Amino acid sequence: MRFTVEDIDTSEVARRKALYGPLTEVVRELIDATIRTEVDDDTIREVHAQVRAATDRLRARQSDGPFGVRFTNDGDGMAWGNAVIGLRNAIAPPLTIARDPDGTHRSQFVLGAAYEGPPGLVHGGICALVLDQILGMTALAGDKPSFTGTLTLRFRRSTPLGPLRAQARVDRVEGVKTFVVGSLSDADGVTVEAEGVFILPAWARE
Ligand SMILES: CCCCCCCCCCCCCC(=O)SCCNC(=O)CCNC(=O)[C@H](O)C(C)(C)COP(=O)(O)OP(=O)(O)OC[C@H]1O[C@@H](n2cnc3c(N)ncnc32)[C@H](O)[C@@H]1OP(=O)(O)O
């Protein structure tokens, strides 16, 4: 499992954020533009060649696998490949998840054309993805890993593409199991309710 430590300081983390964040953002925009463009065929072929060339340039030197979750010596986490919050992941919406003093986690975000399931609506698997992440981060205690054991969703009504909110809180802790509840909402209220059991795996227990 790729939890690693990188010997870099806060200023280097900031430099990399400033470098990679805008690249990811423009690729994210490219995904949306690819879905929604109505330009002529020749333009599509030209852009195809340009994107191919840009991809080949990035591949000239790359890591031999996924990004993993990296920590600095100061304990700052860099989950930059993460599918929901990853700074370097253009398929991540991305979510910024804030923690209230009482431990509740919240996020406001926008899901656009790339997350569609039924027409105009968020794909159910994307609802699960977002909720797994926010519930999972809520379950984390200190530096202990926590894995989704069971995630139960109730889709109360369809979730429209557009501005959304998610929240989660710990319901109870029983030994190595943390029970978390949460929801996804649009402007009219809750669309999906979630309950998750997150488990400290045997290999991480003392
Ligand atoms: C910025 C940096 C920060 C980092 C951010 C990174 C993102 C982080 C956020 C991540 C967000 C996304 C998160 C993700 O995407 S996590 C990825 C998706 N999840 C997985 O891949 C998990 C795969 N499964 C496992 O690894 C193990 O089976 C787990 C860890 C689940 C159990 O482990 P282990 O086999 O060692 O457990 P045990 O046998 O000792 O049992 C212990 C207790 O647990 C109970 N139990 C067992 N299985 C289940 C189950 N499935 N549901 C409910 N309960 C279950 C069992 O009855 C017992 O209870 P009791 O009898 O004691 O009462």
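Keep in mind that the numbers below use all heavy atoms, side chains included, and drop hydrogens, waters and symmetry copies. Source: prediction; values computed, not measured. Atoms within each ligand, like the ligands themselves, are counted from 1 in listed order.
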Indicate whether atom 39 (O) of ligand 1 is within a distance of less than 4.0 angstrom of some protein heavy atom. no
Return yes if a side-chain donor-acceptor contact under 3.5 Å exists between D7 and N73, otherwise no. yes
Side chains of R106 and Q167: is there a donor and an acceptor less than 3.5 Å apart? yes
Considering both backbone and side-chain atoms of N82, is one of its nitrogen or oxygen atoms within less than 3.5 Å of a nitrogen or oxygen in ligand 1? no
Under 3.5 Å between some N or O of ligand 1 and some N or O of F147? no
Is the shortest distance from atom 3 (C) of ligand 1 to a protein heavy atom below 4.0 Å? no
Contact check, side chains of V192 and R154, non-hydrogen atoms, under 4.5 Å: no
Ligand 1 atoms in contact with R205 (distance to a heavy atom under 4.0 Å): 34 (P), 36 (O), 37 (O), 38 (P), 40 (O), 42 (C)
Do I97 and L184 sit in the same hydrophobic cluster, where Ile, Leu, Val, Met, Phe, Trp and Tyr count as joined when their side-chain heavy atoms come under 4.5 Å apart? yes
Among non-hydrogen protein atoms, atom 15 (O) of ligand 1 lies closest to D132 OD2, 3.1 Å
What protein heavy atom lies closest to atom 23 (C) of ligand 1? Include the residue and the distance to one decimal. T148 O, 4.5 Å
Atoms in ligand 1 with a heavy atom of G77 nearer than 4.0 Å: 1 (C), 2 (C)
Nearest-contact summary for atom 56 (C) of ligand 1 - protein heavy atom, Å: K177 CD, 4.7 Å
Atom 10 (C) of ligand 1: closest protein heavy atom, distance to 0.1 Å, is Q133 OE1, 4.3 Å
Identify whether NZ of Lys or CZ of Arg in R70 sits under 6.0 Å from the centre of the six-membered ring of F67 and within 45° of that ring's axis. yes
Is any side-chain heavy atom of R205 closer than 4.5 Å to one of V176? yes
Closest heavy-atom pair and its distance - I199, G149: CD1-CA, 4.0 Å
Run the numbers for me: atoms of ligand 1, each under 4.0 Å from some heavy atom of G149, listed by number. 31 (C), 50 (C), 51 (N), 52 (N)
In ligand 1, the atoms that come under 4.0 Å of a heavy atom of A202 are 36 (O)
Look at atom 25 (C) of ligand 1 and say whether a protein heavy atom is found at less than 4.0 angstrom from it. no
Side-chain donor-acceptor pair under 3.5 Å between D9 and S11, yes or no? yes
For atom 46 (N) of ligand 1, the closest protein heavy atom turns out to be I199 CD1, 3.4 Å
Go through the side-chain N and O atoms of D186 and T191 and say whether any donor and acceptor fall under 3.5 Å apart. no
R88 side chain vs G21 backbone, donor-acceptor pair below 3.5 Å: no
Using a strict threshold of under 4.0 Å (side-chain N to carboxylate O), is an ion pair present between R45 and D42? yes
Residue, atom and distance of the protein heavy atom nearest atom 5 (C) of ligand 1 read A79 CB, 4.2 Å
Nearest protein heavy atom under 4.0 Å from atom 28 (O) of ligand 1, yes or no: no
Atom 61 (O) of ligand 1 touched by protein (heavy atom, under 4.0 Å): no
Near T150, which atoms of ligand 1 are under 4.0 Å from a heavy atom of that residue? 50 (C), 51 (N), 52 (N), 53 (C)
Under a 4.0 angstrom heavy-atom cut-off, which atoms of ligand 1 come close to V176? 42 (C), 43 (C)
Kindly indicate whether atom 35 (O) of ligand 1 is approached by any protein heavy atom to under 4.0 angstrom. no
Any donor-acceptor pair under 3.5 Å from T138 side chain to I134 backbone: yes
Is there side-chain contact between V122 and L164, with at least one heavy-atom pair below 4.5 Å? yes
For atom 8 (C) of ligand 1, what is the closest protein heavy atom, and at what distance to 0.1 Å? L140 CD1, 4.1 Å
